[in-house]
Amino acid sequence: MKVTVVGAGAVGATCADNIARKELASELVLLDIKEGIAEGKAQDMMQTATLLGFDTKIVGSTNDYTKTAGSDVVVITSGLPRKPGMTREELIGVNAGIVRTVAENILQHSPNAIIIVISNPMDTMTYLALQSTGLPKNRIIGMGGTLDSSRFKYQLSQHLGCSPSDLNAVVVGGHGDTTMIPLIRLATWNSVPVTNFLSEEQQKQIVADTMVGGATLTKLIGTSAWYAPGAAGAALVESILRDEKKLFTCCVALDGEYGQKDICLGVPVIIGKNGWEKILDFGLNEAEQAEFNKSADAVRSMNEVLKTL
Ligand SMILES: NC(=O)C1=CN([C@@H]2O[C@H](COP(=O)(O)OP(=O)(O)OC[C@H]3O[C@@H](n4cnc5c(N)ncnc54)[C@H](O)[C@@H]3O)[C@@H](O)[C@H]2O)C=CC1
Ligand SMILES: O=C([O-])CC(=O)C(=O)O
């Protein structure tokens with residue numbers, strides 16, 4: 001199996017590192033527009049092969065898409081990250097041009113690939129990738145809710161004093177500071193609702209901290225996070241290449257599901273060898289559905305901005 005990661009920056013390199021360590025692909029191409037960076041990081045990672053015990057062949061490329069030809073999965077991480085104080089949405093002007101060009105190049109050399117979009121603002125970049133490639137909707141997956149759900153479990157584990165692995169919790173909706181919806185009502189600790197163990201105040205705090213998870217890290221680090229984003233991207237690659245059929249929240253094209261259409265938004269999906277294979281209906285209550293609709297309105301207005309660029 002062959003995987004390409006576009007963008008050899010913090011997220012792209014971390015994602016590639018996870019893919020190599022797990023031996024998910026026999027060939028892994030790391031591509032960047034900046035001269036030398038992808039080749040350098042590919043060589044650096046290859047020099048960990050004997051230390052970490054993997055056999056994946058990692059190749060670097062400075063914008064030469066012929067090297068990516070025939071990829072089964074492509075992860076797009078190219079684009080600017082935000083700085084402290086910025087929103088993800090402010091990146092649209094620069095990143096839309098990058099994602100459109102990259103998606104078109106990928107399509108030309110890997111027409112059968114499944115594409116995972118990570119670049120921000122991710123919901124709109126996923127919609128853009130779908131529009132600009134015209135690929136079947138199941139082969140375009142935006143990564144945001146997978147990361148946000150992992151952060152939600154982290155926040156819950158801190159309050160419950162438990163292992164995050166014992167928790168089931170998902171974040172749906174957009175991947176924005178105000179558009180994501182941590183579904184605390186449905187979160188469980190070994191099958192028991194977490195709401196049984198948390199005060200109203202704690203629940204509100206957990207939801208609020210989850211929603212600004214990315215912004216909090218951006219403020220601390222000075223640029224946005226990469227360890228969990230890279231690992232989340234690799235987890236989706238793993239579920240596709242191993243046909244695991246795991247359930248993740250991903251940004252996918254909706255056609256009436258969750259009451260929305262002509263939009264890409266985060267919902268629970270099964271990820272397998274065909275990309276996203278099925279959307280699960282989690283039965284949102286009235287308040288949650290209202291939040292989901294509000295989130296869709298915000299993402300839709302960002303999608304409208306694409307027409308002006
Ligand atoms: N969806 C999510 O959950 C997350 C999304 N992100 C987003 O991922 C993107 C990347 O973040 P970082 O890796 O931290 O940034 P970074 O600045 O470390 O890396 C971005 C890389 O993209 C490259 N690049 C720019 N234009 C390109 C092009 N046309 N073709 C190929 N490569 C190109 C740059 O040279 C750079 O090496 C950002 O937009 C960030 O906001 C980051 C974390 C989580
Ligand atoms: O916060 C950001 O800008 C990057 C991102 O999407 C995340 O880490 O969730």
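As the structure lists them, so they are numbered: ligands from 1, and atoms in each ligand from 1.
R242 pairs with exactly one of K246, E238, K245 by the side-chain contact (heavy atoms from CB on, under 4.5 Å) rule, that one being E238. When each of T124, D177, N95 is tested with R88 by the rule side chain to side chain donor-acceptor pair (under 3.5 Å), just one qualifies, namely D177.
Taking a 4.0 Å cut-off on heavy atoms, R151 registers as neighbouring ligand 2.
For the atom pair I58 CD1 and T48 OG1, the distance stands at 6.0 Å (nearest 0.5 Å). Remark: S119 OG to I98 CD1 distance equals 7.5 Å, nearest 0.5 Å. Separating the OG1 atom in T179 from the CE atom in M211 is a distance of 7.0 Å, to the nearest 0.5 Å. Atom NZ in K34 sits 13.5 Å away from atom OG in S78 (nearest 0.5 Å).
The nearest protein atom to atom 5 (C) of ligand 1, hydrogens excluded, is given as I118 O, 2.9 Å; this is a heavy-atom distance. Of all protein heavy atoms, the one lying nearest to atom 23 (C) of ligand 1 is D32 OD2, 3.2 Å. Among protein heavy atoms, the minimum distance from atom 19 (O) of ligand 1 is reached at G9 CA, 3.2 Å. The shortest contact between atom 27 (C) of ligand 1 and any protein heavy atom is with I33 CG2, 3.5 Å. The shortest contact between atom 3 (O) of ligand 1 and any protein heavy atom is with H175 NE2, 3.1 Å. Annotation: atom 1 (N) of ligand 1 to nearest protein heavy atom, M143 O, 2.8 Å. Atom 3 (O) of ligand 2 has as its closest protein heavy atom R82 NE, 2.5 Å. Closest protein heavy atom to atom 18 (O) of ligand 1: A10 N, 2.9 Å. The protein non-hydrogen atom at the shortest distance from atom 41 (O) of ligand 1 is N120 ND2, 2.9 Å.
Each of the following atoms of ligand 2 lies closer than 4.0 Å to a heavy atom of L147: 7 (C), 8 (O), 9 (O). Residue-ligand proximity, L80 to ligand 1, at heavy-atom distances under 4.0 Å covers atoms 38 (C), 39 (O), 40 (C), 41 (O). Residue A225 approaches ligand 1 through these ligand atoms, each under 4.0 Å from one of its heavy atoms: 43 (C). Close approach to N95 involves these atoms of ligand 1, each under 4.0 Å from a residue heavy atom: 39 (O). Atoms of ligand 1 lying under 4.0 Å from any heavy atom of P229, numbered from 1 in the order shown and given with element: 43 (C), 44 (C). Every atom of ligand 1 is numbered from 1 in the order shown, and the set under 4.0 Å from a heavy atom of T77 is 9 (C), 10 (C). Taking every non-hydrogen atom of L91 and a distance limit under 4.0 Å, the qualifying atoms of ligand 1 come out as 41 (O). If you number the atoms of ligand 1 from 1 as listed, the ones under 4.0 Å from a heavy atom of L147 come out as 3 (O), 44 (C).
An N or O contact shorter than 3.5 Å is missing between K34 and ligand 1 by distance. The N/O atoms of Y65, backbone and side chain alike, include none that comes under 3.5 Å of an N/O atom in ligand 1. When only interatomic distances are considered, the shortest N/O to N/O separation between S78 and ligand 1 does not fall below 3.5 Å.
Scanning both residues, I114 and N274, for their nearest heavy atoms gives CD1-C, 3.8 Å. Residue V59 comes nearest to A42 through the heavy atom pair C-CB, 3.8 Å, listed as atom of the first residue, atom of the second, then distance. The minimum heavy-atom distance linking F248 with S239 is given by the pair CE1-CB, 3.8 Å.
Of the heavy atoms in H175, only side-chain atoms (C-beta onward) come closer than 4.0 Å to ligand 2. Looking at L217 against ligand 2, nothing comes within 4.0 Å, counting heavy atoms.
In this comparison of T218, I37, I221, V11, the heavy atom closest to atom 11 (O) of ligand 1 sits on V11. Distances from atom 20 (C) of ligand 1 to the heavy atoms of G7, G79, G144 show the closest one on G79. Between P121, P229, S224, it is S224 that holds the heavy atom closest to atom 4 (C) of ligand 2. For atom 5 (C) of ligand 2, the choice among K219, E89, R88 with the nearest heavy atom turns out to be R88.
Remark: the backbone N or O of M143 is not paired with any side-chain donor or acceptor of T146 at under 3.5 angstrom. Side-chain N or O atoms of S61 include none that pairs as donor or acceptor with a backbone N or O of K67 at under 3.5 Å. With hydrogens and angles disregarded, no donor-acceptor distance shorter than 3.5 Å links the side chain of D123 to the backbone of V299.
Inspection of the Y127 and D262 side chains reveals an N or O donor paired with an N or O acceptor under 3.5 Å. When only modelled atom types and interatomic distance are considered, Q260 and N293 share a side-chain donor-acceptor pair under 3.5 Å.
A perpendicular orientation is assigned to the rings of F197 and W189, their planes being inclined by more than 60° (bins at 30° and 60°).
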